[in-house]
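First comes the structure, then the notes that go with it.
Below, each value reflects all heavy atoms present in this structure, side chains not excepted, and no hydrogens, waters or symmetry copies.
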Amino acid sequence: MDVTTKATTSIRARLLRILILALVVLLALLGVAAAEQISAYRNASATADNARLEITLQGLVHELQKERGLTTGYVGGVKQFNAKLPTQRKATDAAREQLDVTLKGREDSAAGSVRESLGRLDGLAGIRKDADDGTGVVKDTFDYFTTTITVLDRLDLGLEDVHDGNLRDAYQALQVLGNAKEFTGEERAIVLGSVRAGKFRGDDYSRFMEIRAGRLAALDAFPRSATAVQERRLNTALTTPDAERALAYESKAVHGTGKLKSSAVPPMAWWDSMTSTINGMRSVQIGLGTDVENRAAQLESSAQRDLLLFLVLVLGTMAALGALALDCVRSVSSPLVELAQQAREVAGSRLPQAVAAVQDGSSGEAPQPPAPLSVGDRAGAEVREVAEAFDRVQRSAFELATEQAVLRRNATDSLVSLGRRNQNLVRRQISFINKLEHEDADPATLANLFELDHLATRMRRNAESLLVLAGESSPRPWATPLAINDVLRAALSEVEEYRRVTLRRIEPAFVTGSVVVEIAHLLAELVENALSFSPPDSDVEIEGRRTSAGYLVAIVDHGFGMDNQALAEANVRLSGTASFMAEPTRFLGHFVVGALARKCGIEVRLGEAPAAGVVARVLIPAGLLTEQAVEAKPSVPAPRKAETDVAPKPEPAVAPVAAKGGSSAARTRNGLVKRPQRSGIAAAVSETDRTDRTTPTAPPNPERTPEQVSGMLSTLRSAHMRGGISVEKEKQQNAETNEGAAK
């Protein structure tokens with residue numbers, strides 16, 4: 001399982017997916033509610049802003065209504081208004097500036113409609129100029145102001161669509177009162193425009209009656225949307241002496257049937273009474289605007305409070321989910337991660353160390369089992385049960401491993417004891433055979449003793465293999481350096497079918513005495529393995545060559561070979577890193593070679609031969625090589641000849657190498673010289689040493705001189721004797737055979 005799959009299938013990931021899904025659903029629901037809360041807040045905030053805008057706009061309308069009355073009266077002939085117009089015009093301009101300040105920074109639809117309607121005030125300068133020049137017309141002046149005021153007064157500022165019923169009623173009452181106030185202002189202006197003429201101009205009387213009817217209708221509709229308090233305020237404003245006097249003047253104008261005398265309706269008295277009445281209505285209007293603004297502010301504050309509470313609820317919910325997730329992680333995920341980490345430590349270090357302590361046993365004390373797994377106090381009950389179950393598994397594994405370690409140690413001790421016993425017996429057997437060889441001169445007996453000696457030598461190697469597998473050192477130390485050629489011959493003396501082994505080119509080199517026995521044993525195992533897995537009629541070839549890394553020995557057989565997987569498994573065994581306890585017994589030779597190679601630092605690898613079969617490459621490092629052997633005392637006491645006889649038997653041990661074109665070349669039954677078999681050993685050696693040759697090719701190792709042979713006579717004497725006796729015996733047998741044939 002890769003890291004990505006493991007990360008997506010962990011308990012932590014699954015818990016996070018559940019929590020994230022719940023959080024997404026909750027946030028979606030909260031988002032809908034939040035959208036409603038935000039919409040309510042924005043609506044309340046916009047309502048408050050529009051209420052303030054409406055109040056400011058009504059202020060401008062009020063000033064325009066006053067200027068309309070004065071300007072219309074002045075154009076109609078009431079010259080007393082000339083002194084009042086400048087002040088009123090300044091008041092109108094000030095109200096316009098105040099409205100501009102209120103509109104500043106607002107880009108909503110209500111502000112846009114107000115800005116668009118204010119464009120009608122651009123014609124106010126012309127109306128004022130015509131009034132001042134005396135060129136103004138009453139009807140045009142009245143129509144301009146009335147139309148402008150109507151447009152501004154009936155703008156849709158969105159207050160009619162508010163959600164709050166109280167605010168909606170207050171705004172409607174404000175609108176109704178504004179209409180009544182506008183009708184009252186129109187009455188004031190239209191009467192002032194006609195009073196000097198003594199009668200209403202044109203159709204102004206019918207228009208006057210329509211305006212009066214609109215005012216009365218608006219006042220009748222006011223109680224339907226106004227509160228009792230607001231209704232009392234309006235009644236108070238309409239029952240003042242000025243309001244009653246204005247109603248009396250209005251009654252005279254109504255009953256005059258179009259006539260309008262100055263004596264019946266004095267212009268200044270009419271202005272003052274009507275203005276006082278309108279101002280009273282303005283006071284009620286301001287009160288209504290204040291009520292609207294306060295209610296809108298309350299709605300805004302309430303919406304803001306609800307929004308804040310909602311945000312606190314959302315944050316609290318997310319915090320609760322986070323706390324639940326954290327508690328889940330602390331009680332399940334984190335303890336499981338910690339438990340898994342401890343389990344890896346147990347499997348990787350604690351348990352192996354405890355088992356190693358059992359295998360060592362040098363302290364004499366019984367090793368303690370690994371400490372039990374520990375989990376935090378916040379871990380869930382299920383995690384604790386898992387930890388307890390793993391502790392039981394750990395104790396069972398430790399007990400089983402301890403038992404296996406004890407069994408393995410006992411088996412190893414048994415191997416060592418058996419190997420030592422067999423080795424001692426074989427050593428005594430070889431000594432006894434050597435004694436018999438020196439005492440008995442009969443050729444047939446000597447030949448049998450020679451075969452028996454060879455079998456005993458192979459038995460000694462098997463006993464030493466047991467010691468190698470048990471990790472014991474060789475009991476046959478060697479002190480002085482030995483030629484590689486002699487090491488190879490010593491190895492061949494320990495294999496059965498040594499006659500099938502052919503030594504090709506062996507470049508001269510000397511091996512350090514401390515590893516002579518191990519290298520000879522290693523080469524013997526590889527040669528015997530090559531002989532076992534090659535056809536009986538084929539030879540095993542050996543070649544040795546110096547390289548920049550040391551000395552390379554190539555052992556090539558011509559068998560069926562091995563597939564890539566088998567070669568890889570064999571190389572693992574030959575590396576010395578595998579245990580022979582877990583492999584079939586037919587591979588014990590590989591484990592012996594691996595143990596020896598690892599001990600001496602030798603690299604051994606199998607590979608495919610260039611032609612057919614398998615090549616075993618043995619690279620002896622340069623540190624194990626030395627110069628020409630010198631006369632020196634061994635570093636250990638020199639053992640008896642029978643115990644240290646690692647030198648090979650001369651002629652029987654190795655098939656002679658035929659000289660190129662010489663008379664000793666192999667022949668067929670008909671006496672013809674055999675063509676030498678073309679061997680792939682040179683290619684096998686050059687495959688490893690293709691580029692790192694640092695020295696020129698040395699000539700073949702020459703035969704030893706008699707002086708050199710005499711130097712090693714102490715170790716080769718018995719072998720020479722056996723060889724000579726065997727030759728004599730063979731001659732005698734041939735003679736007897738020829739004599740019998742002649743008879």
Side-chain angles (χ1 to χ4, degrees), residues 47-48 50-70 88 91-92 94-95 98-99 102 145-146 149-150 152-155 157 159-160 162 164-189 191 211-250 270-299:
T47 300
N50 292 337
R52 287 188 288 270
L53 179 60
E54 176 69 20
I55 293 171
T56 307
L57 181 61
Q58 288 299 327
L60 175 61
V61 170
H62 178 71
E63 299 301 332
L64 285 173
Q65 289 171 346
K66 291 177 66 176
E67 186 173 352
R68 177 183 58 187
L70 292 174
Q88 183 55 47
T92 302
Q98 182 65 33
L99 183 60
T102 305
F145 277 104
T146 301
I149 292 172
T150 301
L152 294 176
D153 199 27
R154 295 181 180 179
L155 288 176
L157 300 184
L159 294 176
E160 296 179 353
V162 295
D164 183 70
N166 295 332
L167 180 60
R168 185 168 54 251
D169 292 341
Y171 177 70
Q172 289 178 355
L174 181 64
Q175 290 293 98
V176 171
L177 180 60
N179 292 336
K181 179 171 169 289
E182 168 60 16
F183 286 134
T184 305
E186 290 179 6
E187 282 188 62
R188 180 182 59 182
V191 170
I211 293 172
R212 177 176 177 274
R215 178 178 63 83
L216 294 175
L219 292 176
D220 291 339
F222 180 77
R224 290 196 293 268
S225 57
T227 63
V229 175
Q230 294 168 350
E231 186 177 359
R232 286 196 300 269
R233 291 177 185 172
L234 182 59
N235 291 333
T236 302
L238 295 179
T239 56
T240 61
D242 289 336
E244 293 178 354
R245 189 166 40 252
L247 289 177
Y249 290 144
E250 179 189 45
W270 171 256
W271 165 261
D272 292 337
S273 61
M274 290 296 289
T275 300
S276 177
T277 303
I278 294 175
N279 288 339
M281 297 175 69
R282 171 61 180 166
S283 298
V284 178
Q285 187 183 45
I286 292 175
L288 282 172
T290 303
D291 293 341
V292 170
E293 185 176 6
N294 291 338
R295 183 57 183 171
Q298 290 178 1
L299 292 176

OG1 on Thr146 to CD on Glu186, rounded to 0.5 Å: 4.5 Å
Could you report the tightest heavy-atom contact between Gly178 and Gln285, atom names first, then the distance? CA-NE2, 3.7 Å
Residue pair Ala237 / Val284: nearest heavy atoms and the distance that separates them: CB-CG2, 3.9 Å
Between atom NE2 of His62 and atom CG of Leu57, what is the distance when rounded to the nearest 0.5 Å? 13.5 Å
Look up atom CD1 in Ile55 and atom CG in Leu174, then write down how far apart they are to the nearest 0.5 Å. 7.5 Å
Between Thr277 and Leu238, does the side-chain contact (heavy atoms from CB on, under 4.5 Å) criterion hold? Intermediate values first, please. CA-CA 7 Å; Thr277 303; Leu238 295 179; 4.1 Å; yes
Got a second to check how far Thr240's OG1 is from Asn235's CG, nearest 0.5 Å? 11.5 Å
On a heavy-atom basis, the closest approach of Phe222 and Leu177 is CE1-CB, 3.9 Å
Of Lys181, Arg68, Arg212, Arg215, which is the lone residue that meets salt bridge (Lys or Arg N to Asp or Glu O under 4.0 Å) with Glu187? Arg215
After noting the C-alpha distance and the side-chain angles of Leu64 and Leu152, does the key distance pass the side-chain contact (heavy atoms from CB on, under 4.5 Å) rule? CA-CA 10 Å; Leu64 285 173; Leu152 294 176; 3.8 Å; yes
Work out which heavy atom in Arg188 is nearest to a heavy atom in Lys66; give both atom names and the distance. NH2-CA, 3.4 Å
Measure across Tyr249 and Ser273 and return the closest heavy-atom pair with its distance rounded to 0.1 Å. CD1-OG, 3.8 Å
Does one side chain, of Gln230 or Arg233, offer a donor that lies under 3.5 Å from an acceptor on the other? no
Give the C-alpha distance, both sets of side-chain angles, the deciding distance and a yes or no for side-chain contact (heavy atoms from CB on, under 4.5 Å) between Glu54 and Gln175. CA-CA 10 Å; Glu54 176 69 20; Gln175 290 293 98; 3.1 Å; yes
Say whether, by atom type as modelled, one donor and one acceptor occur between the side chain of Thr102 and the main chain of Gln98 under 3.5 angstrom. yes
Are side-chain heavy atoms of Leu219 and Leu234 found at a separation under 4.5 Å? yes
Take Leu216 and Phe183 through the test side-chain contact (heavy atoms from CB on, under 4.5 Å) and record every step on the way to the result. CA-CA 9 Å; Leu216 294 175; Phe183 286 134; over 6 Å; no
Measuring from Gln172:CD to Leu288:CG, what's the distance to the nearest 0.5 Å? 12.0 Å
Please check this pair: side chain of Thr92 against backbone of Gln88, looking for a donor-acceptor N/O pair closer than 3.5 Å. yes
From Trp270 CH2 over to Glu250 CD, what is the distance, rounded to the nearest 0.5 angstrom? 6.0 Å
Heavy-atom closest pair, residues Met281 and Ala180: CE-C, 3.6 Å
